[in-house]
Each structure stands twice: as C-alpha cells, then as structure tokens.
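Below you'll find the structure, written out as structure tokens, and then a few comments.
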Amino acid sequence: MKHIIVESLYKIYSGIVETVALENINEKFEKGEVVAIAGPSGSGKTSLLTCLGGVLRPTSGKILVNGEDITKLSDDELVTYRRDKVGLIYQDFNLINQFTIYENVALPLLIANKKSAFIKERVDLLLESLDITRYKKTYPPYLSGGEQQRVAIAVALANDPQIILADEPTGNLDLESRERILNLLINKTREHQKTLIIATHDPFILKKVNRIVQLAKANGE
Ligand SMILES: Nc1ncnc2c1ncn2[C@@H]1O[C@H](COP(=O)(O)OP(=O)(O)OP(=O)(O)O)[C@@H](O)[C@H]1O
Ligand SMILES: [Mg+2]
C-alpha cells in the first residue's frame, strides 16, 4: 500500500486577495522514499508540507495516510496524528525561546507521555547525533542559524515519526553539516521505511532524492 496519496488537493487562502496556493495536486508517496518538492518561491511548497503534516486544512481534496483521509479528522484527531505520525521541520525552526535546547527536544516526548528515563535517553541520543550536545542548557536565541536548524531537526525526530516533512532543512547549514544531516535523514528514512519529503531549491539535495515533485505557481504567474 502507498503510504500517502494526495488527490485533487487545493489550498486557497482567502483574505483581501484570494491566493490559490495549491491547485489540483495529485501525488503518491511510498514508504522508504525520499522526495523533494521543488518550485519557485510562492509555488506552495510550505502549504503542501503543512497540509500533509495536518497543520493546515486544505480547501478541498483528499490526503490518504495509510488509507485514512486526514482531511476528515476532527481537530483532536489531527493533534494525535501530528504527535504520533509526523515530524515537521519548519522553515523558520519554530523553537521555543524560553526553553533550553534540551527542553525543546524533550517537549514532544513529554506531550506524548513518555517516561522520564526514556525521554532523557532519547534526547541525549538525538543531541549527540546532531552534534548539539554542548548547547543542551543554552536557549535558542544564542545559537547560530545552522545550530537552531539542527535543534529543529532533533525536535521533529523526537517521537520517531513515520512521516518526516522538512521545509528547506539545509538552508542555514555549512557544507559539512549539510552533507551529514542530509545523510542522517535519508539513512533513517530508508532503513526504517519512513517517508521523507523535503521542500528545497538546494541542488545538492535534489541530486540525492529518489524523485522530484515540481510545483508551479498557480494563477499562471
Ligand atoms: N497564511 C497565508 N495567508 C495568505 N496567503 C498565504 C498564506 N501562506 C501562504 N500564502 C500564499 O500562498 C502562496 C504559496 O505560499 P507558500 O509559502 O506555500 O510557498 P513556498 O513555495 O513555500 O514559498 P517559499 O519558497 O518562499 O518558502 C504564496 O503566494 C503566499 O503568499
Ligand atoms: Mg516555503
């Protein structure tokens, strides 16, 4: 069975001007697959990722995850879906500045009611694998963009999600961390049969993925 099937997906933002961000998107994603979402600024990459992650409700269309249409879920069910199935690495990190790096990474595990010994072990492992252990007690504003990005990746991976959605995840990284972190995400995905979907312009990433989904600007702009 396909992991994720997107059918006739539309996202229209209404406001003073109406913006068609996604226009009739049809895509399928398999387990173990690494897919890039490419396209110019404003073509809907972030909108698509946040719809897949259950953060944004599409205007119409279906998103089947393991056969279940997540657009039909209640708000409470969507919270559970996001918590248990999805790791979303936000373009602007979304870290909590009043919490330490350790606490930021521990938060999704606390919300999922994990035991404290498990949380400690898991957070330490994540910090180590992303090479940010030394910032454990530091607060996000004191970290560089690349360091904050690695914390955001640790937060997204905390609950060991089946679906990893990454919005420009290497934009702030130097070449060496970019290669290392991308390999970490890709290896995890392939070994554990997860699905990794990356919104990116980065030619280095585009070379490494199984497949590229190209988005165009709606409204024919
Ligand atoms: N909350 C919102 N309200 C209104 N319009 C929005 C909102 N979010 C996005 N848009 C519009 O929807 C379109 C798609 O935006 P989106 O952020 O998904 O594009 P993107 O491909 O991620 O762009 P970028 O490469 O700059 O990150 C844009 O025209 C944007 O202005
Ligand atoms: Mg974006």
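Nothing fancy with the numbering, it's 1 onward along the sequence.
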Roughly how far, to the nearest 0.5 Å, is the [atom2] atom of [Y] from the [atom1] atom of [X]?
{"X": "Leu143", "Y": "Ile132", "atom1": "CG", "atom2": "CD1", "value": "8.0 Å"}
{"X": "Lys194", "Y": "Ile186", "atom1": "NZ", "atom2": "CD1", "value": "14.5 Å"}
{"X": "Leu78", "Y": "Leu73", "atom1": "CG", "atom2": "CG", "value": "5.0 Å"}
{"X": "Ile37", "Y": "Thr200", "atom1": "CD1", "atom2": "OG1", "value": "11.0 Å"}
{"X": "Leu48", "Y": "Leu9", "atom1": "CG", "atom2": "CG", "value": "7.0 Å"}
{"X": "Asn104", "Y": "Leu95", "atom1": "CG", "atom2": "CG", "value": "5.0 Å"}

At their closest point, which heavy atom of [X] faces which heavy atom of [Y], and how far apart are they?
{"X": "Gly53", "Y": "Val86", "answer": "CA-CG1, 3.9 Å"}
{"X": "Ala152", "Y": "Phe93", "answer": "CB-O, 3.9 Å"}
{"X": "Leu126", "Y": "Ala158", "answer": "CD1-CA, 3.6 Å"}
{"X": "Ile119", "Y": "Ala106", "answer": "CG2-CB, 3.8 Å"}
{"X": "Lys31", "Y": "Thr195", "answer": "CA-OG1, 3.6 Å"}
{"X": "Pro58", "Y": "Thr71", "answer": "CG-CG2, 3.6 Å"}

* Output every pair passing side chain to side chain donor-acceptor pair (under 3.5 Å) with a member in residues 48-64, not counting sequence neighbours, ordered by first then second residue. => Arg57-Asp75

* Output, in order, the C-alpha distance, side-chain angles, deciding distance and verdict of side chain to side chain contact (heavy atoms under 4.5 Å, CB included) for Lys137 and Tyr102. => CA-CA 6 Å; Lys137 296 188 173 138; Tyr102 183 92; over 6 Å; no

Close side-chain approach of [X] to [Y], heavy-atom, < 4.5 Å:
{"X": "Tyr10", "Y": "Ile25", "value": "no"}
{"X": "Asn172", "Y": "Gln148", "value": "no"}
{"X": "Leu184", "Y": "Leu157", "value": "yes"}
{"X": "Val151", "Y": "Pro140", "value": "no"}
{"X": "Thr170", "Y": "Ile205", "value": "yes"}
{"X": "His3", "Y": "Glu30", "value": "no"}
{"X": "Val209", "Y": "Val35", "value": "no"}

Decide if atom [atom1] of [X] counts as having more than 12 heavy atoms of other residues, nucleotides or ligands within a radius under 6.0 Å.
{"X": "Glu77", "atom1": "CD", "value": "yes"}
{"X": "Gln193", "atom1": "CD", "value": "yes"}
{"X": "Glu191", "atom1": "CD", "value": "yes"}
{"X": "Tyr142", "atom1": "OH", "value": "no"}

If you group Ile, Leu, Val, Met, Phe, Trp and Tyr by side-chain heavy-atom gaps below 4.5 Å, do [X] and [Y] land in one group?
{"X": "Val55", "Y": "Leu52", "result": "yes"}
{"X": "Ile89", "Y": "Ile198", "result": "yes"}
{"X": "Leu215", "Y": "Val34", "result": "no"}
{"X": "Ile70", "Y": "Leu49", "result": "yes"}
{"X": "Leu125", "Y": "Leu109", "result": "no"}

Whether the [X] and [Y] side chains hold a donor-acceptor pair (N or O, under 3.5 Å, no angle test) is what I'd like checked.
{"X": "Ser144", "Y": "Glu147", "answer": "yes"}
{"X": "Asp76", "Y": "Ser74", "answer": "no"}
{"X": "Thr100", "Y": "Tyr135", "answer": "no"}

Residue list, salt bridge (charged side-chain N to carboxylate O under 4.0 Å, His left out) with [X], at least two apart or on another chain:
{"X": "Asp124", "answer": "Lys120, Lys136"}
{"X": "Glu179", "answer": "Lys208"}
{"X": "Arg190", "answer": "none"}
{"X": "Lys28", "answer": "none"}

Which pairs pass salt bridge (Lys or Arg N to Asp or Glu O under 4.0 Å) with one or both residues in [range], sequence neighbours excluded?
{"range": "residues 91-117", "result": "none"}
{"range": "residues 6-16", "result": "none"}
{"range": "residues 33-47", "result": "Glu33-Arg211"}

Can you name the side-chain contact (heavy atoms from CB on, under 4.5 Å) partners of [X], sequence neighbours left out?
{"X": "Ser177", "result": "Leu173, Asp174, Ile181"}
{"X": "Gln91", "result": "Thr46, Asp167, Glu168"}
{"X": "Ile111", "result": "Arg83, Leu107"}

* Asked: In the hydrophobic clustering that connects Ile, Leu, Val, Met, Phe, Trp and Tyr at side-chain heavy-atom distances below 4.5 Å, which members other than Leu64 occupy its cluster, ordered by chain and number?
  -> Ile5

* Could you tell me whether the side chain of Asp202 and the main chain of Phe204 form a donor-acceptor pair under 3.5 Å? => yes

* Test item: Asn159 side-chain N/O and Pro108 main-chain N/O as donor-acceptor pair under 3.5 Å -> yes

